[in-house]
Amino acid sequence: MGIKITATGHYLPPQVVSNDDLAKFLDTSDEWIKKRTGISQRHISAGENTSDLAAKAAENILRKRGISGEEIDFIILATMTPDASSPSTACIVQEKIGATKAFCFDINAACSGFVFALSTACHFMRSGMYKKGLVLGAETMSKVINWEDRSTAVLFGDGAGGLLLEESDVDSFVAEDLHSDGSRFMALTADEKKVQNPFLSNEQNEDKQYLKMDGRGIFDFVIRSVPKTINQSIENGGLEKDDISWVVAHQANIRLLEAISKKVKIPLSKFATNIESTGNTSAASIPVLLSHMVDSKQIDIGSGEKLLFTGFGGGLTWGSIIITI
Ligand SMILES: O=C(O)C1CCN(c2ccc(-c3cc(CO)ccc3Cl)cn2)CC1
């Protein structure tokens, strides 16, 4: 039993915030942000939560495929900014799109979340037990950012994207390589919850735990680890670098993609990018980029091209999955 990608979709909240808009209340500039990150603007929710963004992306996918939510067997949603601890954001999306027969759950692997979710969905599907699965990545990073911290506030945006996986006689799954290193969990944290109960002697403070990131540390980890997972997934698939049509990488930083391209000796022209217009949308970045590539006809579903998806970030987590589209 194989799998194939049959539709893609995304949704970005309509409110666009430019670098100049941020420079009005942060000590930063369009020039600095653009030069150091590649970002010109980001989409910021005007009140829509992660489930709202994800449901609109899912509706776009279903509309493109011409099916209703009732045909969906499962929804796997990657997010580090769920609407709540319970229910899962995936279950809220289920209700919004009428996926009445689906089983639904969230995956949290921060910015590697979509790669981990896509791997999970592929293996569910390749068991032969399911016929149609939605794999989504969705974030409202704007709710965990400290908007007074210029080092992080300029980097992130909100958004949602995803794809429809269907059973297929021809298997489009090629290879994967997934990792995490919990010993460095402090490198990127957000929204930690403190234990509170009447039996605790010391009162815990209620301060909101904004996103905190060891930018330099993560940058160095990514430069070291991501080329290895790209090469390992290519080797696991018995492929050569030239077999890869596109690297669809997490959109964290344009300088980073330039450095990774040099290290793996895959031309930068094969690294799809949209960070300029979206910022870093964490688990949503890869599916939004894929959807932009399909919508702009940069790639065609059914073309047979090999895409290498690679994610990296909090956890620390990193990983790659190669799929023929
Ligand atoms: O001074 C500079 O040039 C700054 C230095 C710090 N920067 C960073 C640092 C880390 C990240 C990042 C974030 C994630 C989480 O999605 C994953 C992977 C990475 Cl590499 C993005 N930007 C911006 C430019």
Side-chain angles (χ1 to χ4, degrees), residues 1-10 57-58 61 64-65 72-78 107 109 111-128 130-137 161-179 226 229-251 260 264 266 270-274 283-312 317-325:
M1 295 308 289
I3 57 108
K4 61 183 174 183
I5 296 172
T6 56
T8 58
H10 70 278
I61 297 165
K64 284 182 187 172
R65 186 67 179 131
I72 300 300
D73 294 311
F74 62 78
I75 301 172
I76 302 176
L77 190 152
I107 281 185
C111 312
S112 308
F114 185 78
V115 168
F116 283 40
L118 183 54
S119 166
T120 305
C122 284
H123 300 304
F124 265 122
M125 195 69 87
R126 294 170 86 225
S127 73
Y130 308 108
K131 299 183 183 317
K132 289 184 175 66
L134 274 178
V135 190
L136 306 172
L163 54 81
L164 180 65
L165 275 192
E166 294 189 52
E167 66 171 345
S168 165
D169 298 337
V170 179
D171 191 7
S172 304
F173 174 88
V174 176
E176 68 183 16
D177 175 64
L178 307 179
H179 301 274
V226 171
T229 182
I230 288 174
N231 289 329
Q232 189 59 57
S233 62
I234 290 170
E235 183 185 325
N236 292 351
L239 302 173
E240 299 299 327
K241 283 180 183 156
D242 285 351
D243 296 324
I244 302 299
S245 299
W246 291 98
V247 175
V248 187
H250 170 45
Q251 299 292 288
I260 292 170
V264 295
I266 294 176
K270 285 195 170 184
F271 281 71
T273 65
N274 66 353
S285 81
I286 289 173
V288 170
L289 177 56
L290 177 64
S291 181
H292 277 161
M293 294 171 77
V294 170
D295 288 356
S296 64
K297 305 215 180 307
Q298 202 172 352
I299 52 173
D300 292 320
I301 290 175
S303 68
E305 290 179 297
K306 287 191 176 41
L307 308 184
L308 191 154
F309 299 97
T310 189
F312 37 87
T317 57
W318 65 105
S320 302
I321 183 167
I322 300 173
I323 299 211
T324 305
I325 192 158

Backbone N or O of [Y] within a donor-acceptor pair of the [X] side chain at under 3.5 Å?
{"X": "Lys4", "Y": "Leu165", "result": "no"}
{"X": "Ser296", "Y": "His292", "result": "yes"}
{"X": "Ser172", "Y": "Ile3", "result": "yes"}
{"X": "Asp73", "Y": "Lys131", "result": "yes"}
{"X": "Thr120", "Y": "Phe116", "result": "yes"}
{"X": "Glu166", "Y": "Leu164", "result": "no"}

Open item on the list: Test side chain to side chain contact (heavy atoms under 4.5 Å, CB included) on Leu136 and Ile61; report intermediate values, then the result.
Closed with: CA-CA 10 Å; Leu136 306 172; Ile61 297 165; 3.9 Å; yes

Under 4.5 Å between any side-chain heavy atoms of [X] and [Y], yes or no?
{"X": "Glu167", "Y": "Met1", "result": "yes"}
{"X": "Trp246", "Y": "Leu289", "result": "no"}
{"X": "Glu235", "Y": "Asn231", "result": "no"}
{"X": "Leu134", "Y": "Ile76", "result": "no"}
{"X": "Met293", "Y": "Asp295", "result": "no"}

- [ ] For Thr317, check side-chain hydrogen bond (donor to acceptor under 3.5 Å, both in side chains) against everything at least two apart and list the hits.
- [x]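 Here the qualifying residues are Ser112.
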
TODO: Please report the C-alpha distance between Ile234 and Leu308 in whole Å, then the side-chain angles of each, then the deciding distance to 0.1 Å, and finally whether the side chain to side chain contact (heavy atoms under 4.5 Å, CB included) criterion is met.
DONE: CA-CA 8 Å; Ile234 290 170; Leu308 191 154; 3.7 Å; yes

Could you tell me which non-hydrogen atom of [X] sits nearest to which non-hydrogen atom of [Y], and how far apart they are?
{"X": "Gln251", "Y": "Ala272", "answer": "NE2-O, 3.4 Å"}
{"X": "Asp177", "Y": "His179", "answer": "OD2-NE2, 2.8 Å"}
{"X": "Pro287", "Y": "Gly162", "answer": "CB-N, 3.4 Å"}
{"X": "Thr8", "Y": "Ser291", "answer": "OG1-CA, 3.9 Å"}
{"X": "Ala78", "Y": "Ala283", "answer": "O-CB, 3.6 Å"}
{"X": "Glu176", "Y": "Ser233", "answer": "C-CB, 4.5 Å"}

- [ ] Check the pair Phe173, His123 against ring-ring contact (aromatic ring centres under 6.0 Å, His included), reporting the backbone distance first and the verdict last.
- [x] CA-CA 9 Å; Phe173 174 88; His123 300 304; 5.2 Å; yes

Could you tell me the separation between the [atom1] atom of [X] and the [atom2] atom of [Y], rounded to the nearest 0.5 Å?
{"X": "Phe74", "Y": "Met125", "atom1": "CZ", "atom2": "CE", "result": "4.0 Å"}
{"X": "His250", "Y": "Cys111", "atom1": "NE2", "atom2": "SG", "result": "3.5 Å"}
{"X": "Ile230", "Y": "Phe309", "atom1": "CD1", "atom2": "CZ", "result": "13.0 Å"}
{"X": "Leu118", "Y": "Ile5", "atom1": "CG", "atom2": "CD1", "result": "6.0 Å"}
{"X": "Ser119", "Y": "Phe124", "atom1": "OG", "atom2": "CZ", "result": "10.5 Å"}

- [ ] Give every residue pair that meets the salt bridge (Lys or Arg N to Asp or Glu O under 4.0 Å) criterion with at least one member in residues 237-246, sequence neighbours excluded.
- [x]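 Listed by first then second residue: nothing to list.
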
- [ ] Carefully, step by step, assess Val247 and Ile260 under the rule side chain to side chain contact (heavy atoms under 4.5 Å, CB included).
- [x] CA-CA 11 Å; Val247 175; Ile260 292 170; over 6 Å; no

Let me have the donor-acceptor pairs involving side chains of residues 318-325, under 3.5 Å, with sequence neighbours excluded, atom names and distances please.
{"unit_1": "Ser320", "atom_1": "OG", "unit_2": "Thr229", "atom_2": "OG1", "d": "3.2"}
{"unit_1": "Ser320", "atom_1": "OG", "unit_2": "Thr310", "atom_2": "OG1", "d": "3.0"}

Task: Steps toward side chain to side chain donor-acceptor pair (under 3.5 Å) verdict (Gln232, Asn236) - done: CA-CA 6 Å; Gln232 189 59 57; Asn236 292 351; 2.7 Å; yes

Task: Pair Leu163-Leu290, side chain to side chain contact (heavy atoms under 4.5 Å, CB included): steps then yes or no - done: CA-CA 9 Å; Leu163 54 81; Leu290 177 64; 3.8 Å; yes

